[in-house]
Amino acid sequence: KLYDGEEDETSNEKITYRAGRKKKIKRTIVVMTDNYTAMYDGSTHTNYEYKCKEGEGLYNLVDNHLFSVINESSIINVGTVDNIVKIENIKIIDELENDKTSNYLISDYEAGTLEVTKRPIEFYTEDYVAVYDGQVHKNHTYFIREAEGLYDLVTGHVYSIVNNSEIKDVIRGTNKEVLSKDNTVNIEDITIYDGNNEDVTSNYDVNYVAGKLTINPAPLTVKAIYTSIIYGEEATNNGVEYLGFVNNETIEVLEFNDLVYSYTYDQSSIETRKVESYNILLNGSNVYGNNYEVTLDNTGILEVLPFEIKI
């Protein structure tokens with residue numbers, strides 16, 4: 001109605017109404033992904049979690065609308081790649097999977113990164129101890145340590161280790177004490193292969209802890225050889241025998257062989273010169289072999305035989 005003051009003048013006027021048009025404006029969005037990080041596990045890693053960037057003039061998706069994106073970005077091995085998506089491969093659908101992309105202005109896509117980090121792993125050997133036998137000894141039995149922050153091999157992976165550490169002889173210190181050596185392995189000599197026999201070592205953070213290699217001396221007993229004398233004769237001996245040499249070794253491997261003989265038989269006393277058996281005693285503090293633990297056995301026998309009187 002039209003009024004002139006309080007008077008209704010509608011009937012005196014010709015009224016024309018022209019309807020305007022309602023313009024539909026697209027919803028502006030910028031699509032993005034967060035950065036994604038995973039530890040190497042031999043599998044393919046992707047990140048299909050998308051969101052709208054917040055900012056002036058930018059909007060989120062309408063409630064119940066979802067992203068449907070074709071994304072070919074992925075990563076397996078250690079490194080970093082951009083999680084790239086082409087804008088034309090971004091589609092927006094509703095809960096009935098109807099395409100609603102035309103209602104949005106996708107102005108940009110900001111790619112996050114896909115990162116795979118190295119897998120920490122630690123190999124180790126236990127201590128190895130053997131008794132000297134003249135043979136070369138090695139310890140190629142390896143273990144993977146179980147501990148917080150350390151991991152086993154990926155399923156299906158195997159390792160190969162080149163180990164040149166070996167030991168044959170007893171290692172002695174300045175005071176002749178027995179020492180050990182490290183079962184050393186160079187990190188670069190550890191190789192890890194996947195199920196296709198491909199070298200994947202670079203995907204692991206490899207550590208190695210060496211055990212010890214020790215050769216203990218073999219027991220070597222020195223004992224006087226049985227000797228007999230006739231009553232009245234001076235005590236004597238037939239030398240010694242060595243019990244315990246290995247690998248066909250002989251007295252030549254002893255660095256010192258300075259033996260002193262003594263006897264429980266003594267002609268100066270009636271009690272110590274009877275016809276019976278006596279011990280041959282050995283004294284040889286200088287008897288030493290690097291690979292042997294020398295023990296002097298004082299149970300060697302000197303037998304005094306009766307003097308034969310012929311009538």
Side-chain angles (χ1 to χ4, degrees), residues 40 118-154 157-193 199-224 240-260 282-299:
Y40 175 74
K118 290 192 174 188
R119 187 180 187 89
I121 187 170
E122 182 173 284
F123 295 92
Y124 70 96
T125 56
E126 294 181 339
D127 293 340
Y128 175 90
V129 180
V131 175
Y132 176 73
D133 60 2
Q135 305 301 313
V136 173
H137 290 261
K138 303 176 182 180
N139 181 15
H140 291 175
T141 301
Y142 305 98
F143 300 91
I144 296 175
R145 195 176 305 281
E146 297 180 3
E148 184 177 357
L150 296 175
Y151 298 85
D152 202 345
L153 290 173
V154 171
H157 289 193
V158 297
Y159 63 84
S160 173
I161 298 179
V162 177
N163 184 342
N164 295 318
S165 295
E166 59 184 37
I167 189 170
K168 176 182 178 183
D169 297 312
V170 177
I171 302 173
R172 301 274 189 172
T174 54
N175 296 317
K176 295 187 174 63
E177 72 274 20
V178 176
L179 303 178
S180 303
K181 65 178 291 186
D182 288 335
N183 189 14
T184 304
V185 169
N186 296 321
I187 295 297
E188 57 267 24
D189 289 330
I190 300 176
T191 308
I192 301 173
Y193 298 94
D199 185 344
V200 292
T201 313
S202 60
N203 292 310
Y204 288 84
D205 181 9
V206 180
N207 190 35
Y208 172 80
V209 177
K212 300 292 186 181
L213 300 176
T214 306
I215 296 294
N216 284 327
L220 179 67
T221 300
V222 183
K223 181 180 179 180
V240 295
E241 58 182 345
Y242 295 84
L243 306 175
F245 278 126
V246 300
N247 203 33
N248 297 317
E249 293 179 347
T250 66
I251 191 175
E252 294 179 357
V253 300
L254 298 182
E255 297 181 16
F256 305 95
N257 187 21
D258 183 16
L259 285 174
V260 177
L282 302 175
N283 183 12
S285 59
N286 289 330
V287 178
Y288 169 72
N290 182 75
N291 291 318
Y292 293 92
E293 191 69 41
V294 180
T295 300
L296 301 181
D297 185 341
N298 289 321
T299 62

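Please read these numbers as outputs of a predicted model, since none were measured by experiment.
Sparse packing is recorded around CD of E252, with 12 or fewer heavy atoms of other residues, nucleotides or ligands lying under 6.0 Å away. Counting heavy-atom neighbours within 6.0 Å of E188 CD, excluding the residue itself, gives a total above 12.
By the 4.5 Å heavy-atom criterion applied to side chains, V178 and P217 are counted as neighbours. Residues I121 and Y151 form no side-chain contact, since every pair of their non-hydrogen atoms from C-beta on lies 4.5 Å or further apart. Contact annotation: the side chain of I192 never approaches that of N203 to less than 4.5 Å [non-hydrogen atoms, C-beta and beyond]. With contacts defined as side-chain heavy-atom distances shorter than 4.5 Å, the pair R172/N290 qualifies. At a threshold of 4.5 Å between non-hydrogen side-chain atoms, the residues I215 and D169 do not count as touching.
Formation of a donor-acceptor pair under 3.5 Å by the D127 side chain with backbone atoms of K212 is found in this model. Looking at D189, its side chain never comes within 3.5 Å of a backbone N or O of N163 through a donor-acceptor pair. Distance alone, capped at 3.5 Å, is enough to place a donor-acceptor pair between the D199 side chain and the T201 backbone. Put simply, the side chain of D133 never gets that close to the backbone of V246: no donor and acceptor are under 3.5 Å apart. When atom types are taken as modelled, the side chain of T125 and the backbone of A210 share no donor-acceptor pair closer than 3.5 angstrom. At distances below 3.5 Å, at least one donor-acceptor pair connects side-chain atoms of R119 with backbone N or O atoms of D152. No donor-acceptor pair under 3.5 Å is formed between the side chain of K138 and the backbone N or O of N164. No donor-acceptor distance shorter than 3.5 angstrom exists from the side chain of N139 to the backbone of N183, with no hydrogens or angles considered. Of the possible polar contacts, one joining the N298 side chain to the L282 backbone as a donor-acceptor pair under 3.5 Å is found.
Considering CG of N291 and CD1 of I171, their distance stands at 10.5 Å, rounded to 0.5 Å. How far CG of L243 is from CG of L220: 7.5 Å, rounded to the nearest 0.5 Å. The structure places OG1 of T214 at 11.5 Å from NE2 of H137, a figure rounded to the nearest 0.5 Å. In this structure, the separation between NE2 on H140 and CD on E166 is 8.0 Å, given to the nearest 0.5 Å. To the nearest 0.5 angstrom, Q135 atom CD is 5.0 Å from N247 atom CG. The line from CG of L254 to CZ of F245 is 4.0 Å long, rounded to the nearest 0.5 Å.
No side-chain N or O of D182 forms a donor-acceptor pair with one of T184 less than 3.5 Å apart.
The only option from Y208, Y159, Y204 that meets the ring pair (Phe, Tyr, Trp, His ring centres under 6.0 Å) definition with F123 turns out to be Y159.
In this pair, Y292 and Y132 present their aromatic rings perpendicular. The plane angle is above 60°, beyond the 30 to 60° band.
The shortest non-hydrogen separation linking L150 to E122 is CD1-CB, 3.9 Å. Residues I190 and V206 share a closest heavy-atom pair of CD1-CG1, 3.9 Å. Pairing each heavy atom of G149 with each of P120, the nearest pair is O-CB, 3.4 Å.
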